Amino acid sequence: MTKLNQIIAVEKGVKSKSLQDINAAHAKVQKPALLAGISRTYQPKDEEGEQLPPESTRVQVQAEDVLREVSASLTRLFDVTATKDWANCLARADVTVDGRTVVADVPVSYLLFLEKQLAELHGFVKKLPTLDAAESWSLDPSTDWWKTDAVRTIRTKKVPRNHVKAEATEKHPAQVEVYYEDVPIGYWTTVKFSGALPARRVNELLERVEKLQQAVKFAREEANGTEVTDKRVGDAVFGYLFG
């Protein structure tokens with residue numbers, strides 16, 4: 001018995017050959033000279049006239065022959081495609097991860113959809129924001145945000161001070177230099193919050209997506225191993241069209 005994956009394997013080649021055959025047939029019937037023929041003989045007016053040989057051109061392309069060629073080529077394509085599509089209606093498999101059936105009895109077309117969506121989802125999860133590893137985070141139950149421990153820092157203010165470099169004398173005033181001193185005036189208590197995810201959580205999500213991706217691929221391979229019944233649709237279609 002033929003299997004679905006074998007039909008899928010040959011489908012591309014059959015499509016390509018059919019396209020080439022159609023293009024070649026189209027080119028043939030678009031050249032009037034190939035479809036035209038002629039036969040003519042010459043008879044002089046009297047016996048003393050010049051004798052000329054007959055001329056003839058054979059018809060090189062017959063449209064009916066081209067139709068038969070097209071029909072034969074497309075019949076194979078129609079049959080292969082019909083066999084695949086009919087089989088796709090029957091080919092199903094379970095998506096199983098670690099012994100657990102996530103989705104049961106999934107048709108091939110939906111497995112292909114799942115593969116594409118999971119590939120996009122993998123890219124999305126991989127780029128999820130993660131908490132800054134330089135900080136220590138804990139989950140705040142009141143807000144459901146992640147938060148750091150409170151950090152207390154001093155707030156200072158620059159206060160001018162005078163430094164007497166030289167005392168005043170009868171002849172000269174005192175030499176005073178102004179400098180600024182940082183004087184504590186208060187305290188900041190800072191707690192950072194974040195809506196990002198712990199790296200551990202992102203890695204867990206990635207592992208789940210990748211496991212499901214692998215399970216979907218296995219399911220598709222299993223479904224594609226379904227035995228198929230060859231369909232003969234082309235003869236009916238072209239028997240009606242060109243018959």
Side-chain angles (χ1 to χ4, degrees), residues 1-20 76-151 189-231 233:
M1 290 287 289
T2 305
K3 293 188 176 181
L4 179 55
N5 53 16
Q6 294 173 314
I7 293 296
I8 293 172
V10 302
E11 182 187 26
K12 185 176 180 180
V14 172
K15 281 184 176 179
S16 178
K17 184 178 184 305
S18 295
L19 180 61
Q20 292 175 0
R76 173 62 175 156
L77 174 63
F78 279 38
D79 289 348
V80 167
T81 304
T83 300
K84 183 198 73 171
D85 289 347
W86 258 266
N88 277 338
C89 296
L90 303 174
R92 295 168 181 267
D94 295 343
V95 177
T96 304
V97 180
D98 295 335
R100 171 191 170 190
T101 299
V102 180
V103 191
D105 206 26
V106 187
V108 171
S109 57
Y110 195 76
L111 290 170
L112 291 170
F113 164 79
L114 276 179
E115 277 194 63
K116 181 180 178 182
Q117 294 301 312
L118 287 173
E120 294 179 1
L121 195 58
H122 186 276
F124 169 75
V125 172
K126 197 171 184 179
K127 293 180 180 178
L128 285 172
T130 56
L131 297 173
D132 184 356
E135 302 282 357
S136 178
W137 300 91
S138 61
L139 192 61
D140 181 5
S142 64
T143 61
D144 206 26
W145 301 338
W146 291 91
K147 70 175 185 177
T148 62
D149 294 334
V151 176
T189 300
T190 304
V191 178
K192 295 180 182 179
F193 294 93
S194 177
L197 294 170
R200 180 185 68 256
R201 172 64 171 161
V202 174
N203 290 334
E204 287 173 355
L205 293 174
L206 280 174
E207 184 180 358
R208 289 186 186 184
V209 173
E210 288 166 3
K211 279 187 175 182
L212 189 55
Q213 282 181 301
Q214 196 67 31
V216 169
K217 287 180 181 179
F218 285 157
R220 178 170 56 81
E221 289 301 320
E222 182 182 345
N224 284 339
T226 301
E227 293 182 346
V228 300
T229 301
D230 291 334
K231 295 293 180 181
V233 175

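Bear in mind the structure is a predicted one, so any value in this text is a computation, not a measurement. Sequential numbering from 1 along the given sequence is applied to the chain's residues. Both backbone and side-chain heavy atoms feed into the values below; hydrogens, waters and symmetry mates do not.
In this structure, the side chain to side chain contact (heavy atoms under 4.5 Å, CB included) partners of A119, at least two apart in sequence or on a different chain, are Q213. Every residue meeting the side chain to side chain contact (heavy atoms under 4.5 Å, CB included) condition with N5, not counting sequence neighbours, appears here in chain and number order: K3, N224. In this structure, the side chain to side chain donor-acceptor pair (under 3.5 Å) partners of E11, at least two apart in sequence or on a different chain, are K84. Applying the side chain to side chain donor-acceptor pair (under 3.5 Å) criterion to E210, with sequence neighbours excluded, gives H122. Every residue two or more places apart in sequence or in another chain that forms a salt bridge (charged side-chain N to carboxylate O under 4.0 Å, His left out) with E115 is listed here: R220.
When all heavy atoms of V228 and A87 are compared, the pair lying nearest together is CG1-CB, 3.2 Å. Pairing each heavy atom of L139 with each of P141, the nearest pair is O-CD, 3.2 Å. Across every non-hydrogen atom of Y110 and V106, the tightest pair is CD2-CG1, 3.7 Å. Nearest heavy-atom pair, V202 versus V125, reported as atom, atom and distance to 0.1 Å: CG1-O, 3.7 Å. Contact between A93 and A219 at its shortest, heavy atoms only, is CB-O, 3.3 Å. When all heavy atoms of T130 and A196 are compared, the pair lying nearest together is C-CB, 3.7 Å.
Using a 4.5 Å heavy-atom threshold, the side chains of L128 and F124 count as touching. Two residues are said to be in side-chain contact when any heavy atoms from C-beta on lie closer than 4.5 Å; D79 and D230 fail this criterion. Residues L131 and S194 have side chains in contact (heavy-atom distance under 4.5 Å, counting atoms from C-beta outward). Side-chain contact between Q214 and F218: present, with at least one pair of heavy atoms (C-beta onward) separated by less than 4.5 Å. Looking at heavy atoms from C-beta onward, T81 lies out of side-chain contact with V233 at the 4.5 angstrom threshold.
Note that the CG atom of L118 and the NZ atom of K217 stand 10.0 Å from one another [nearest 0.5 Å]. Between L4 atom CG and E221 atom CD the span is 10.0 Å, to the nearest 0.5 Å. Atom CG in L121 sits 14.0 Å away from atom NZ in K116 (nearest 0.5 Å). The structure places CD1 of I7 at 12.5 Å from OG1 of T226, a figure rounded to the nearest 0.5 Å.
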(request) Output, in order, the C-alpha distance, side-chain angles, deciding distance and verdict of side-chain contact (heavy atoms from CB on, under 4.5 Å) for L212 and L114. (result) CA-CA 9 Å; L212 189 55; L114 276 179; over 6 Å; no
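Side chain of S18 to main chain of V14: a donor-acceptor pair is present (N/O by atom type, distance under 3.5 Å, no hydrogens or angles). Looking at D94, its side chain never comes within 3.5 Å of a backbone N or O of T96 through a donor-acceptor pair.
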For a quick test of your reading: what N or O donor-acceptor pairs under 3.5 Å do the side chains of residues 142-149 make, sequence neighbours left out?
{"residue": "S142", "atom": "OG", "partner": "D140", "partner atom": "OD1", "Å": "2.8"}
{"residue": "S142", "atom": "OG", "partner": "D140", "partner atom": "OD2", "Å": "3.1"}
{"residue": "T143", "atom": "OG1", "partner": "D140", "partner atom": "OD2", "Å": "3.2"}
{"residue": "T143", "atom": "OG1", "partner": "W145", "partner atom": "N", "Å": "3.2"}
{"residue": "T148", "atom": "OG1", "partner": "K192", "partner atom": "N", "Å": "3.0"}

